[in-house]
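All values derive from a computational prediction rather than experimental measurement.
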Amino acid sequence: LNIPYTFTASGNYSGEKTGTITVTAQDRPVPAPSGSVRYEVAVAKADHGAVSASAARAAAGDTVTLTVQPDSGYVLAALTVTDSQGREVPLTRLDGGKYSFTMPGSRVEVQAAFAGIAFSDVPGGAYYEEAVRWAVEKGVTTGTTATTFSPSAPCTRAQLAAFLWRLAGEPESTRDLIFTDVRADAWCAKALRWAAEQGVVTGYADGSFRPDDTITRGAFAGILDRFLRYQAEAAPDTFSDTAGDYWESPILKLNAAGVYLGNNGKALIYHDITRQQAVTMIARAFALGETEGDIPYDDAGDVAYYAKGYLVTMLKNGWLNDMGESGLLRPNEPITRAEVVNILSNLVSRLWQESGEYSEDVTGTAMVSAGDGVILHDMKIDGDLIIAPGVSGPVLLRDVALSGVITNFSGTEVIQEETPKEDPVPDPGLKPGDPNTITYEGKTIPVLEGVPVNPLKAADFAQVVNF
């Protein structure tokens, strides 16, 4: 213990003097354990929305819940929590616009940004306007910037993975990001962690993912296969150009399921997927079936024979409605961001993203992506029910009439209950002597409770008087 000190001597001194200094130590309180220190949760003010925290101060290790409330016409674009060293604190998405995090041993700052649903490059009345609004409100997609959506840009590998991740409820993943060309703080990092963990996407042999590449036929097949989890696989010689290829297995699985049929014996793995090819594969994957009829567009002659029946089905049901006033179907162009979003929004008639109880009839495909599951009761679903991969809680169907099938991608428990119908109790009829009855000419007749019974009997009227 090094304690500096001074002293003053008085008088005349010569030579070296010695003496004794006495130090008295005073007890002082032992510092409180770090867990009892409560640190500030500072929530920065945001435009077009608000964020509130469950506590203004919290101890290290406490769980803090954030509630996000966008203004009308806006959605959450970004939400971050950083500690006193500027390090980002991991967030867990909950239902109902809530997020949680574990309090570190320091002050934290919460910052949110909200974006308008309207984008400068999504004109009012555009065929995809409502689809973009639906996708943004449901969190399926965001804009390419705060003010643009880039609807005509080709859909990239990263964007399709992000669409599926958000549609699945943004499940969390604890695995490390394995792709060498995707930074840990990239906009698509969380989606790719989950997608890679679930096997929805994989990278290339050199460790890269190539997130900005447009989607090829093989990659599209791979993502559909991993999301829908096909099992059976066609014979290896089904296509002449797949042997030993990276995408061979998913292509053969989709072929066995009747989704990927190829062209003249070839899979054409590395061709960019076109509108008609993507629509056909999605229609086959969702078992939508083919419909006979004409395609009322000027370029109908460009539609391939394999796609016509599915395109007619999509058009007649309103699932494909993105042609605008051009009069062109554009079947051979690469599928764009707007077109993917449009098809997803049209195919999923009802999406439950928050846990709770619901009772509403649905026409078309319904999908559950609420992490804690839902209770559906006293309703009809005239179509299929899809349980998204991110659902971990049970899904209870009580007195639900389902005309289609249940596709469970999560493995969570799906419970179907039917309330027993009680058989009507037969009316035993009335018997002489029953309470609140009278007997007249051999018949037992009920009377109103509380009304006195007439004391007269039939015999009282038996005497006939002749005048």
Side-chain angles (χ1 to χ4, degrees), residues 155-158 160-161 163-165 167-168 178-179 192 194-211 213-290 304-311 313-314 331-332 334-335 340 343-344 347 384 386-389 405-411:
C155 187
T156 67
R157 288 165 50 81
L160 182 57
F163 290 160
L164 294 177
W165 173 64
L167 193 63
I178 60 175
F179 304 120
L192 293 180
W194 168 80
E197 182 178 47
Q198 298 298 318
V200 174
V201 300
T202 58
Y204 291 91
D206 62 359
S208 67
F209 179 73
R210 305 173 197 174
D213 283 1
T214 54
I215 299 174
T216 64
R217 287 165 55 89
F220 197 82
I223 290 174
L224 272 184
D225 168 48
R226 294 177 184 117
F227 192 73
L228 298 177
R229 301 184 184 181
Y230 294 104
Q231 300 299 317
E233 191 170 301
D237 61 353
T238 299
F239 299 108
S240 62
D241 57 346
T242 56
D245 189 86
Y246 180 82
W247 301 113
E248 179 183 17
S249 179
I251 288 174
L252 294 178
K253 286 181 180 178
L254 265 69
N255 177 264
V259 175
Y260 195 122
L261 302 184
N263 185 6
N264 294 323
K266 293 186 177 182
L268 305 177
I269 303 171
Y270 294 100
H271 290 206
D272 286 346
I273 192 162
T274 65
R275 283 167 49 80
Q276 65 179 347
Q277 292 166 353
V279 166
T280 298
M281 290 176 66
I282 290 172
R284 289 170 177 164
F286 281 83
L288 300 179
E290 297 180 81
Y305 71 92
Y306 67 82
K308 182 178 179 181
Y310 297 111
L311 286 168
T313 297
M314 287 284 206
N332 293 311
I335 195 163
V340 170
I343 292 173
L344 288 177
L347 277 177
D384 296 336
I386 298 174
I387 313 300
V405 298
I406 298 174
T407 303
N408 186 356
F409 295 126
S410 72

Taking atom [atom1] of [X] and atom [atom2] of [Y], what is their separation to the nearest 0.5 Å?
X	Y	atom1	atom2	answer
K253	I251	NZ	CD1	12.5 Å
E248	D245	CD	CG	7.5 Å
T280	K308	OG1	NZ	13.0 Å

Note to self: Tell me whether the rings of Y260 and F239 are parallel (<30°), tilted (30 to 60°) or perpendicular (>60°).
What the structure shows: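 Rings of Y260 and F239: perpendicular, as their planes differ by over 60°.
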
What is the minimum heavy-atom distance between [X] and [Y], and which atoms define it?
X	Y	answer
A221	P250	O-CB, 4.1 Å
K266	S240	CG-OG, 3.4 Å
A234	A256	N-CB, 3.7 Å
L252	P236	CD1-CA, 4.0 Å

Next item on the list: Starting from the C-alpha separation in whole Å, work towards a yes-or-no answer on side-chain contact (heavy atoms from CB on, under 4.5 Å) for L261 and N255.
Entry: CA-CA 6 Å; L261 302 184; N255 177 264; 4.1 Å; yes

Checklist line | Check: D241/Y270 side-chain N/O donor and acceptor closer than 3.5 Å | finding: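 There is no such pair (donor and acceptor under 3.5 Å, judged by atom type) between the side chains of D241 and Y270.
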
Margin query: Any donor-acceptor pair under 3.5 Å linking the side-chain atoms of E290 with those of T313?
Written below: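 No, no side-chain donor-acceptor contact under 3.5 Å.
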
Under a 3.5 Å distance rule, please check whether [X] uses its side chain to pair with a backbone N or O of [Y] as donor and acceptor.
X	Y	answer
Q276	A304	yes
R275	N332	no
D384	V405	yes
T242	T238	no
R217	D272	no

Note to self: Would you say CG of N264 has more than 12 non-hydrogen atoms from neighbouring residues, nucleotides or ligands within 6.0 angstrom?
What the structure shows: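 Check fails, neighbour count at 12 or below.
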
Check: side-chain contact (heavy atoms from CB on, under 4.5 Å) between I406 and I387: does it pass, once the steps are laid out?
Finding: CA-CA 8 Å; I406 298 174; I387 313 300; 4.3 Å; yes

